[in-house]
There are 2 protein chains.
Amino acid sequence: MALIVQKFGGSSVADRDHIFNVARIVADTYRDGNSVVVVVSAQGDTTDDLMEKAAEITHAPSLREMDMLLASGEQISIALLSMALGELGVKAISLTGWQAGFKTDRNYSKARIRRMETERIESELAKNQVVVVAGFQGLNSHEDVTTLGRGGSDTSAVAIACALKADLCQIYTDVEGVYTADPRIVRSAKKLDVISFDEMLELASLGAQVLNNRSVELAKKYGINLEVLSSLNPVPGTIVKEVVDMEGMLIKGVAKDVNVAVFSLIGVPDQPGVSFKVFSLLSQRKINVDIILQSVGRDNTKDLTFTVPLADKTLAESVLKDALPRLGAKDVKVRDDVAKVSVVGAGMQSYPGVASTMFEALYENNINIHMISTSEIKISVLIDKADADRAVNAIHDAFIN
Amino acid sequence: MALIVQKFGGSSVADRDHIFNVARIVADTYRDGNSVVVVVSAQGDTTDDLMEKAAEITHAPSLREMDMLLASGEQISIALLSMALGELGVKAISLTGWQAGFKTDRNYSKARIRRMETERIESELAKNQVVVVAGFQGLNSHEDVTTLGRGGSDTSAVAIACALKADLCQIYTDVEGVYTADPRIVRSAKKLDVISFDEMLELASLGAQVLNNRSVELAKKYGINLEVLSSLNPVPGTIVKEVVDMEGMLIKGVAKDVNVAVFSLIGVPDQPGVSFKVFSLLSQRKINVDIILQSVGRDNTKDLTFTVPLADKTLAESVLKDALPRLGAKDVKVRDDVAKVSVVGAGMQSYPGVASTMFEALYENNINIHMISTSEIKISVLIDKADADRAVNAIHDAFIN
């Protein structure tokens with residue numbers, strides 16, 4: 001007798017057969033006596049098809065109109081899933097983002113949820129029926145449709161779970177849970193039964209693309225238990241929650257991120273405030289800087305090296321080149337043939353052996369480390385992209401097998 | 001400097017090229033200094049494709065979910081048309097039915113507009129931009145999406161024109177206007193420059209499928225000038241308005257309707273109240289009866305013959321068969337191999353020659369008349385379906401050429 005939010009992505013509702021597969025999962029949950037809210041994405045290629053239609057019209061569409069266009073996708077899948085549930089004898093009602101009470105800010109194409117008005121969902125649940133909600137979309141204060149951007153449907157599901165104080169938010173995917181490494185790269189990767197929010201956040205931001213970071217942050221903030229599980233294989237998935245058994249496996253996973261660019265500012269004056277200037281320039285353009293390395297000063301100058309997301313490479317390059325005179329730097333260099341490989345595990349810093357085990361594994365495989373970054377729960381190294389998969393395997397073998 | 005509502009159907013926005021064609025028509029109207037509200041239907045086959053998706057899921061979909069599903073179609077076309085207008089340098093904003101203020105009753109799939117809340121449209125027009133509105137859809141008092149049923153986008157356009165007191169409502173189609181007969185049947189059919197609402201209503205209900213009847217009724221009620229014109233050929237169309245030149249061509253058109261079934265109740269007791277019983281039975285089931293013929297009484301019984309829309313044939317048949325004992329009738333017979341052919345023209349009844357000219361034309365072509373019905377502005381005959389096209393040509397020749 002719990003309140004459960006279940007989220008299914010676009011491939012899970014791609015066609016009639018997939019829709020009925022989802023409907024059966026939902027119907028089983030409902031018939032077990034639970035209240036169920038289902039969040040779905042647009043079917044399979046719908047979003048891509050709609051974007052192609054727009055691209056035929058213009059290469060610079062209004063973001064408002066793009067959101068209007070794309071939001072039609074989930075409207076189709078919620079209606080079809082509700083019909084399928086009806087066909088299985090389960091009473092269901094579909095709600096768009098604006099009907100479900102998602103109030104967002106005005107940033108079309110990457111809106112953030114300001115608040116949830118849950119009256120409608122609650123009144124429909126009270127009628128003892130499944131509520132099928134369009135993910136990825138909301139309504140801003142102009143009463144205009146917005147979309148939440150990448151991973152938006154995960155965020156929609158968790159936001160509903162938070163607002164309704166759900167007992168569990170299940171994120172159905174095409175994998176069976178969170179693994180200690182990408183199973184396509186590491187054959188011996190193991191599924192985790194449980195992982196903490198913080199570890200999941202590190203794994204997500206490090207390129208393990210199972211769960212969107214915004215949704216994990218939200219679940220952590222409101223203390224909602226998440227479960228990542230497969231819509232095709234009915235086995236228990238991975239539970240993501242606040243506190244995880246302190247005595248469990250130290251290392252939770254090894255992740256690789258190839259969407260990284262490394263910048264080096266050469267010959268920066270070795271004086272206070274220079275780093276601040278550089279990174280405030282970048283943060284003004286909303287570019288996130290990750291690993292930072294500062295060379296030891298020499299001839300009154302130093303070199304500043306740091307990584308940014310590959311998607312921001314062009315922007316960062318032009319920002320930095322423009323600023324070279326102002327920064328007093330000699331040159332800026334950029335490369336993107338690199339990868340960030342990380343081990344993640346809570347409490348890692350109290351186990352001094354972790355870093356040396358990692359570096360040893362890399363050394364034994366003759367992999368050169370360019371940069372290192374550590375935190376409470378992770379150690380990341382920047383290496384050549386060509387070495388990345390070998391590195392993930394070597395580190396995984398060293399810690400997990 | 002007028003306020004003009006323009007409506008384009010699904011084939012007019014079927015693909016990129018058609019959308020830009022529409023955008024150019026709208027842009028020209030806007031650049032001539034007019035305020036423009038555009039109403040569009042779903043693209044080409046979108047509605048059919050969506051209905052097919054639903055049919056794959058269930059053969060008895062919830063009407064609410066069907067409306068949710070189908071309403072996504074216009075949401076796509078309004079976004080794309082707004083983008084195309086932007087690409088042509090015209091500021092435009094799209095509004096769904098619920099954003100545009102269409103408040104309907106709760107009849108999913110064939111909702112009727114209760115009222116228009118025009119604040120949003122007016123505030124967007126005040127920003128000197130084209131407003132692109134999704135036709136066919138509205139919002140009921142549950143805040144649920146409804147669709148207006150057949151011809152709904154015409155009705156949406158006229159409803160906006162009425163609510164905004166527009167100077168003109170242009171209905172763009174794939175023909176150049178209203179013709180004196182279907183040009184596919186009558187080669188010499190002529191385009192009318194002008195026609196009255198009443199004449200248009202008779203032509204529409206008689207099978208000339210240019211304009212939806214609900215929209216003509218609405219325009220007549222609020223005194224909105226309609227124009228029917230072609231989106232592909234930029235020539236003046238046909239204006240539909242209240243008062244038309246009294247001295248103009250007497251006969252406005254010849255129409256045929258093959259969607260007719262004729263019922264005969266045989267051996268009904270020849271006593272008061274029987275007709276009332278029959279027709280109240282049918283009206284309770286919302287079946288419209290058109291031409292009615294009552295035989296002269298004989299042996300204390302009479303025969304009652306009348307036409308109903310072909311779509312209601314099965315329902316009417318079962319209603320009447322069930323009621324036979326109660327009505328005291330002997331039998332009910334039905335046939336649908338018939339057609340109704342009509343001449344329409346205001347003030348016809350003051351010209352006694354019209355009926356005889358029509359009947360003569362049919363007689364000369366050896367076409368047998370089963371039933372006759374006349375009104376202030378039309379004369380209809382029921383004939384064999386096989387004779388219908390010959391009859392339309394013969395009558396058109398007699399009056400118009």
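Order of the sequence lines sets the chain letters (A, B, ...), proteins ahead of strands, with each chain counted from 1.
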Could you list each donor and acceptor atom pair linking chain B to chain A at less than 3.5 Å?
from, atom 1, to, atom 2, distance (Å)
B:Arg16, NE, A:Glu56, O, 2.8
B:Gln43, OE1, A:Lys53, NZ, 2.8
B:Lys53, NZ, A:Gln43, OE1, 2.7
B:Glu56, O, A:Arg16, NE, 2.8
B:Thr58, OG1, A:Glu87, OE1, 2.6
B:Arg64, NH1, A:Ser94, O, 3.0
B:Arg64, NH1, A:Ser94, OG, 3.3
B:Arg64, NH2, A:Ser94, O, 2.8
B:Glu65, OE1, A:Ser94, OG, 2.5
B:Glu65, OE2, A:Ser94, N, 3.0
B:Glu65, OE2, A:Ser94, OG, 3.4
B:Met68, O, A:Gln75, NE2, 3.0
B:Gln75, NE2, A:Met68, O, 2.9
B:Glu87, OE1, A:Thr58, OG1, 2.6
B:Ser94, N, A:Glu65, OE2, 3.0
B:Ser94, O, A:Arg64, NH1, 3.0
B:Ser94, O, A:Arg64, NH2, 2.8
B:Ser94, OG, A:Arg64, NH1, 3.3
B:Ser94, OG, A:Glu65, OE1, 2.5
B:Ser94, OG, A:Glu65, OE2, 3.4
B:Gln99, NE2, A:Glu143, O, 2.8
B:Gln99, NE2, A:Asp144, OD1, 3.2
B:Arg120, NH1, A:His142, O, 3.2
B:Arg120, NH1, A:Asp144, OD1, 3.1
B:Arg120, NH2, A:Asp144, OD1, 2.7
B:Arg120, NH2, A:Asp144, OD2, 3.2
B:His142, O, A:Arg120, NH1, 3.1
B:Glu143, O, A:Gln99, NE2, 2.8
B:Asp144, OD1, A:Gln99, NE2, 3.2
B:Asp144, OD1, A:Arg120, NH1, 3.1
B:Asp144, OD1, A:Arg120, NH2, 2.7
B:Asp144, OD2, A:Arg120, NH2, 3.2

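In this structure, the portions of B:Leu95 lying under 4.5 Å from any heavy atom of chain A include both its backbone and its side chain. Contacts of B:Leu139 with chain A are made by side-chain atoms alone, with heavy-atom separations under 4.5 Å and no backbone atom involved. Residue contact with chain B, scored on non-hydrogen atoms closer than 4.5 Å, is absent for A:Val132. A:Ile76 touches chain B through backbone and side chain together, each having a heavy atom under 4.5 Å away.
Of the listed residues A:Leu69, A:Leu50, A:Val145, the one with more heavy-atom pairs under 4.5 angstrom with chain B than any other is A:Leu69. Counting heavy-atom pairs closer than 4.5 Å to chain A, the top-ranked of the candidates B:Ile19, B:Ile93, B:Ile78 is B:Ile93. Highest contact tally toward chain A, considering only B:Ala54, B:Ala23, B:Gly86, is held by B:Ala54 [criterion: heavy-atom pairs under 4.5 Å].
Residue-environment remark: CE (B:Met51) stays at or below the threshold of 12 foreign heavy atoms within 6.0 Å.
Annotation for A:Leu80 and B:Ile57: closest pair O-CG2, 3.9 Å, computed over non-hydrogen atoms.
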